[in-house]
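What follows is one structure encoded as structure tokens, with my remarks underneath.
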Amino acid sequence: MDQRQALVAFGALSQETRLHIVRMLVVSGPDGMAAGSIAEKAEVSPSNISFHLKELERSGLIAQQRESRSIIYTANYEALGGLIRFLMEDCCGGNPEICAPAAAVAACCTPATKGELQ
């Protein structure tokens, strides 16, 4: 991740509803959530949630796919890990053990995709 991408991602996350949405999608795992469910859980109108989802998708932090009549949104774990790595890449002043816990989070596995054993 470069600085421009990080700035776009942080800009998207700097709004309370969008941060809440990303956290919900991270918890939901690879199954993701339908836009209507996201709106309901975030207590936001459908038109308002659409605006926030578009902004998060533009930032690359979430992705969407159509399933039948629904649009399912998922967290982009690679992009989220990249954002953490961007923050930590020059960390620790030669003491990597300081950054080990954060590096482990950034390097964690992406949840299994649908159909794979977990």
Side-chain angles (χ1 to χ4, degrees):
M1 178 169 288
D2 63 27
Q3 184 169 332
R4 185 196 60 78
Q5 292 168 312
L7 287 169
V8 171
F10 283 123
L13 291 173
S14 69
Q15 199 281 336
E16 183 178 3
T17 301
R18 290 193 291 267
L19 180 60
H20 183 60
I21 291 167
V22 169
R23 292 178 56 94
M24 282 192 299
L25 292 175
V26 166
V27 170
S28 73
D31 291 336
M33 297 176 69
S37 295
I38 296 170
E40 187 177 304
K41 281 193 167 191
E43 299 178 348
V44 176
S45 70
S47 61
N48 197 313
I49 206 71
S50 177
F51 167 77
H52 291 302
L53 290 169
K54 285 179 186 175
E55 187 66 23
L56 287 167
E57 190 173 14
R58 186 185 69 78
S59 75
L61 296 174
I62 68 169
Q64 68 162 302
Q65 66 182 45
R66 181 167 290 283
E67 285 187 13
S68 162
R69 295 176 54 157
S70 296
I71 297 177
I72 305 299
Y73 290 88
T74 56
N76 181 340
Y77 296 96
E78 186 176 325
L80 291 166
L83 190 56
I84 294 168
R85 285 188 297 278
F86 174 82
L87 286 173
M88 306 302 290
E89 73 183 2
D90 297 321
C91 176
C92 309
N95 300 298
E97 68 280 358
I98 295 170
C99 297
V105 168
C108 75
C109 344
T110 310
T113 56
K114 290 181 182 176
E116 290 181 5
L117 294 176
Q118 295 186 12

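Throughout, residue positions are numbered sequentially from 1 according to the sequence presented. Just so you know, these numbers come straight off a predicted model, no measurement behind them.
Without hydrogens or angle criteria, Gln5 side chain to Asp2 main chain gives a donor-acceptor distance under 3.5 Å. Of the possible polar contacts, one joining the Ser59 side chain to the Leu56 backbone as a donor-acceptor pair under 3.5 Å is found.
Nearest approach of Ala42 to Ile49, heavy atoms of both residues: CB-CD1, 4.3 Å. Thr74 and Gly32 make their closest contact through CG2-CA, 3.6 Å (heavy atoms, listed as atom of the first residue, atom of the second, distance). Across all non-hydrogen atoms, the minimal contact from Arg18 to Phe51 is NH1-CE2, 3.6 Å. Taking both residues in full, the closest heavy atoms of Leu25 and Tyr77 are given as O-OH, 3.5 Å, listed atom of the first, atom of the second, then distance. Minimum heavy-atom separation, Leu53 to Ala35: CD1-CB, 4.0 Å. Summarising the geometry of Leu61 relative to Ala79, their closest heavy-atom pair is CD2-CB, 4.3 Å, with the distance given to 0.1 Å.
Heavy-atom neighbours of Gln15 CD from other residues, nucleotides or ligands within 6.0 Å: above the threshold of 12.
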For this session: Walk me through it: do Arg58 and Glu55 pass the test salt bridge (Lys or Arg N to Asp or Glu O under 4.0 Å)?
Result: CA-CA 5 Å; Arg58 186 185 69 78; Glu55 187 66 23; 2.7 Å; yes
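Here Arg85 contributes atom CZ and Leu80 contributes atom CG; the two are 10.0 Å apart, rounded to the nearest 0.5 Å. For the atom pair Leu87 CG and Met1 CE, the distance stands at 9.5 Å (nearest 0.5 Å). The distance from the CD1 atom of Ile21 to the OG atom of Ser28 is 11.5 Å, given to the nearest 0.5 Å. Between the CE atom in Met24 and the NZ atom in Lys41 there is a gap of 7.5 Å [rounded to 0.5 Å].
Only one option out of Val26, Val27, Leu19 pairs with Arg23 in a side chain to side chain contact (heavy atoms under 4.5 Å, CB included); it is Leu19.
Note: the hydrophobic cluster containing Ile84 does not contain Val8 (ILVMFWY, side chain heavy atoms under 4.5 Å, direct or indirect links).
Between Tyr73 and Met33 there is no side-chain heavy-atom pair separated by less than 4.5 Å.
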